[in-house]
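Position 1 is the first residue of the sequence, and the numbers go up from there.
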Amino acid sequence: MGKDTIADIITSIRNADMNRKGTVRIPSTNMTENFVKILLREGFIENVKKRRENDNYLLVLTLRYRRNRKGSYKTFLNLKRISRPGLQIFSNSQRIPKILGGMGIVILSTSRGIMTDREARLERIGGEVLCSIW
């Protein structure tokens, strides 16, 4: 794991989804727990468990898959990191991007914590645009 924890989470989930893995293990921090709570609440993952292994806490995510057994396999999650440590992108409440006309979500880091684009628009606050998911 590198210094960009959000990018590490996104990469782990994307790789597990492409390889049809059922679970992903990521290190537990306050930021990762809040990020995963949003994914769970929005229905992009099925379950989250917090485990302790070798004096470290890990989050075990159970991924959600399309139940279509026929035909080719298509990935369920499309995750894209927008803001990164070398180029942070901030947005006010009126200019928060909409993904697929509002069908996807944008996750923001605001002064009131990590939240989705819909919540930030309702509270009329902006922040750093972390990633988009559709």
Side-chain angles (χ1 to χ4, degrees):
M1 293 283 170
K3 294 184 184 218
D4 190 7
T5 58
I6 298 297
D8 292 338
I9 294 169
I10 290 172
T11 303
S12 298
I13 292 172
R14 189 184 310 123
N15 289 341
D17 188 38
M18 286 190 299
N19 291 325
R20 301 182 194 184
K21 301 285 184 187
T23 60
V24 178
R25 295 171 52 193
I26 57 173
S28 176
T29 62
N30 288 336
M31 188 169 197
T32 58
E33 286 181 18
N34 292 333
F35 187 82
V36 168
K37 284 179 188 176
I38 289 175
L39 293 178
L40 182 65
R41 188 176 64 228
E42 295 291 327
F44 290 107
I45 57 176
E46 283 186 10
N47 194 8
V48 178
K49 293 181 184 176
K50 188 172 184 178
R51 291 197 177 146
R52 184 176 180 173
E53 293 180 10
N54 299 333
D55 297 332
N56 294 327
Y57 286 99
L58 296 174
L59 294 175
V60 180
L61 312 177
T62 305
L63 298 180
R64 194 171 175 183
Y65 289 105
R66 292 186 179 154
R67 303 288 189 236
N68 186 4
R69 302 277 175 150
K70 297 178 182 178
S72 63
Y73 176 77
K74 294 181 181 176
T75 59
F76 181 72
L77 293 172
N78 291 310
L79 297 114
K80 183 179 178 187
R81 178 79 159 129
I82 296 174
S83 183
R84 52 192 171 92
L87 178 64
Q88 294 179 333
I89 297 174
F90 293 92
S91 177
N92 61 13
S93 62
Q94 289 86 21
R95 294 191 180 189
I96 296 173
K98 285 190 178 182
I99 304 299
L100 294 177
M103 301 226 9
I105 64 168
V106 174
I107 297 179
L108 298 151
S109 177
T110 66
S111 59
R112 296 185 191 159
I114 297 177
M115 61 179 64
T116 63
D117 56 341
R118 290 181 216 115
E119 294 169 346
R121 282 189 196 99
L122 286 175
E123 295 187 20
R124 294 186 177 169
I125 56 173
E128 182 182 357
V129 181
L130 295 176
C131 68
S132 62
I133 306 169
W134 69 95

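- Taken to the nearest 0.5 Å, the CG atom of Asp117 stands 10.0 Å off from the OG atom of Ser91.
- The backbone N or O of Leu58 sits nowhere less than 3.5 Å from a side-chain atom of Arg25 that would complete a donor-acceptor pair.
- Taking the side chain as every heavy atom from C-beta outward, Thr32 and Tyr57 never approach each other to under 4.5 Å.
- At least one side-chain heavy atom of Val129 sits under 4.5 Å from a side-chain heavy atom of Val106.
- Rounding to the nearest 0.5 angstrom, the gap separating the OG1 atom in Thr110 from the CG atom in Leu130 is 9.5 Å.
- Between Ile125 and Ile96, the shortest heavy-atom distance links the atoms O-CD1, 4.0 Å.
- Taking all atoms of both residues into account, the shortest heavy-atom contact from Val24 to Ala16 is CG2-CB, 3.3 Å.
- Annotation for Arg118: atom CZ counts as buried by contact number, over 12 foreign heavy atoms lying within 6.0 Å.
- In this structure, Pro85 and Lys3 have side chains that are not in contact, with every pair of non-hydrogen atoms separated by 4.5 Å or more.
- In this structure, Asn54 CG and Arg52 CZ are separated by 9.5 Å, a value rounded to the nearest 0.5 Å.
- Under a hydrophobic clustering in which Ile, Leu, Val, Met, Phe, Trp and Tyr are joined whenever their side-chain heavy atoms come within less than 4.5 Å, directly or via other members, Phe44 and Met103 fall into different clusters.
- Looking at heavy atoms from C-beta onward, Lys80 lies out of side-chain contact with Ile99 at the 4.5 angstrom threshold.
- Under the 4.5 Å side-chain heavy-atom criterion for Ile, Leu, Val, Met, Phe, Trp and Tyr, Ile13 and Leu40 are members of the same hydrophobic cluster.
- Checking side-chain atoms of Arg14 against main-chain N and O of Asn78 turns up no donor-acceptor pair under 3.5 Å.
- Counting non-hydrogen atoms of other residues, nucleotides and ligands closer than 6.0 Å to CZ of Arg41 gives a total above 12.
- Considering all non-hydrogen atoms of both residues, Glu33 and Ser28 come closest at OE2-OG, 2.7 Å.
- If you chain together hydrophobic residues whose side chains sit under 4.5 Å apart, Ile114 and Leu59 fall into the same group.
- With contacts defined as side-chain heavy-atom distances shorter than 4.5 Å, the pair Glu42/Ile133 does not qualify.
- Distance check, rounded to the nearest 0.5 Å: CD of Glu119 to CZ of Arg112 gives 11.5 Å.
- Looking at Arg64, its side chain does come within 3.5 Å of a backbone N or O of Gly43 through a donor-acceptor pair.
- For the pair Asn34 (side chain) and Asn30 (backbone), a donor-acceptor distance under 3.5 Å is present.
- The structure places CD1 of Ile89 at 5.0 Å from CG of Leu87, a figure rounded to the nearest 0.5 Å.
- Distance check, rounded to the nearest 0.5 Å: OG1 of Thr23 to CD of Glu46 gives 12.0 Å.
- More than 12 heavy-atom neighbours from other residues, nucleotides or ligands sit within 6.0 angstrom of CZ on Phe90.
- Side-chain contact between Leu79 and Asp17: absent, with no pair of heavy atoms (C-beta onward) separated by less than 4.5 Å.
- No chain of hydrophobic side-chain contacts below 4.5 Å, direct or via other Ile, Leu, Val, Met, Phe, Trp or Tyr residues, connects Val60 to Leu63.
- With hydrophobic clusters built from ILVMFWY side chains whose heavy atoms lie under 4.5 angstrom apart, Leu61 shares a cluster with Ile107.
- Residues Ile26 and Val36 form a side-chain contact, since some pair of their non-hydrogen atoms from C-beta on lies under 4.5 Å apart.
- At a threshold of 4.5 Å between non-hydrogen side-chain atoms, the residues Ile38 and Ile105 count as touching.
- A side chain to side chain donor-acceptor pair (under 3.5 Å) check over residues 125-134, counting only residues at least two apart or in different chains, returns the pairs Ser83-Glu128.
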